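Everything below concerns the one structure shown next.
Positions are given from 1 along the sequence. Predicted model only: the values in this text are computed from it and were never measured. Any value given below was found using the heavy atoms of this structure, including those in side chains, with hydrogens, waters and symmetry copies removed.
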Amino acid sequence: LEPRAGAPSPVAGPAAEALGRGDWGAARRLVFAQMLASGQADGEGDAVIIGARNARAVRAVQRAAKEGHEKMALTYGALHCRDLQRRLEEEEFVEREEKWKTAWSVEEEPEV
């Protein structure tokens, strides 16, 4: 989903096709996916808000660890992942397992 320099986004064509056939939901999901991927790729966007939320999440993990909890799970969106992982690693927390769940998907229109 990361565009090449000077090239349109890879979702531009499928989003235009979805709009052309009146599939507003698919077009919206494609554009939203591109926004998520772009934000994750360049590390900008709402960095201040994301950083503040991530700092609060790390404090909660630290509190739980002090209370003796050995297993914890954090559920956050894609834009949080890079910064949140960095913060946790700085505090010497180790990832034991990673699970990804599909929140939503965009089905490609079958060719006729």
Side-chain angles (χ1 to χ4, degrees):
L1 293 178
E2 191 172 336
R4 296 175 308 279
S9 164
V11 301
E17 290 171 11
L19 288 172
R21 66 177 182 270
D23 191 348
W24 303 106
R28 222 176 15 249
R29 287 188 299 271
L30 284 163
V31 170
F32 183 62
Q34 179 61 58
M35 289 171 52
L36 288 176
S38 296
Q40 179 71 5
D42 66 18
E44 293 183 22
D46 296 321
V48 173
I49 294 172
I50 289 171
R53 290 177 178 169
N54 288 350
R56 186 171 180 174
V58 170
R59 286 193 302 273
V61 169
Q62 289 169 325
R63 234 182 355 265
K66 286 179 184 174
E67 292 172 2
H69 299 279
E70 293 182 12
K71 291 184 178 182
M72 292 161 251
L74 289 174
T75 303
Y76 266 79
L79 293 179
H80 289 265
C81 291
R82 186 176 291 151
D83 178 66
L84 188 55
Q85 183 173 359
R86 178 189 59 77
R87 289 172 186 266
L88 289 168
E89 287 172 351
E90 286 175 356
E91 297 297 323
E92 299 186 9
F93 285 98
V94 178
E95 177 185 337
R96 290 188 185 169
E97 183 179 6
E98 179 179 302
K99 287 185 183 180
W100 286 83
K101 300 281 185 173
T102 301
W104 47 265
S105 63
V106 180
E107 298 299 324
E108 194 171 326
E109 184 71 14
E111 293 186 30
V112 179

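Note on Met72: it clusters hydrophobically with Leu84, by side-chain heavy-atom contacts below 4.5 Å among ILVMFWY residues.
When all heavy atoms of Leu30 and Val11 are compared, the pair lying nearest together is O-CG2, 3.9 Å. Nearest heavy-atom pair, Ile50 versus Asp83, reported as atom, atom and distance to 0.1 Å: O-OD2, 4.4 Å. The heavy-atom pair separating Ala15 from Val31 by the smallest distance is CB-CG2, 4.4 Å. The nearest pair of heavy atoms linking Ala26 to Arg21 is CB-NH2, 4.4 Å.
Residues that satisfy the side chain to side chain donor-acceptor pair (under 3.5 Å) test with Arg29, not counting sequence neighbours, are absent from this structure.
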Could you go step by step and tell me if Glu91 and Arg87 meet the salt bridge (Lys or Arg N to Asp or Glu O under 4.0 Å) rule? CA-CA 7 Å; Glu91 297 297 323; Arg87 289 172 186 266; over 6 Å; no
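Salt bridge status for Glu90 with Arg86: present, with a side-chain N to carboxylate O gap under 4.0 Å.
Remark: of the listed residues Asn54, Leu88, Val58, Leu88 is the sole one forming a side-chain contact (heavy atoms from CB on, under 4.5 Å) with Leu74.
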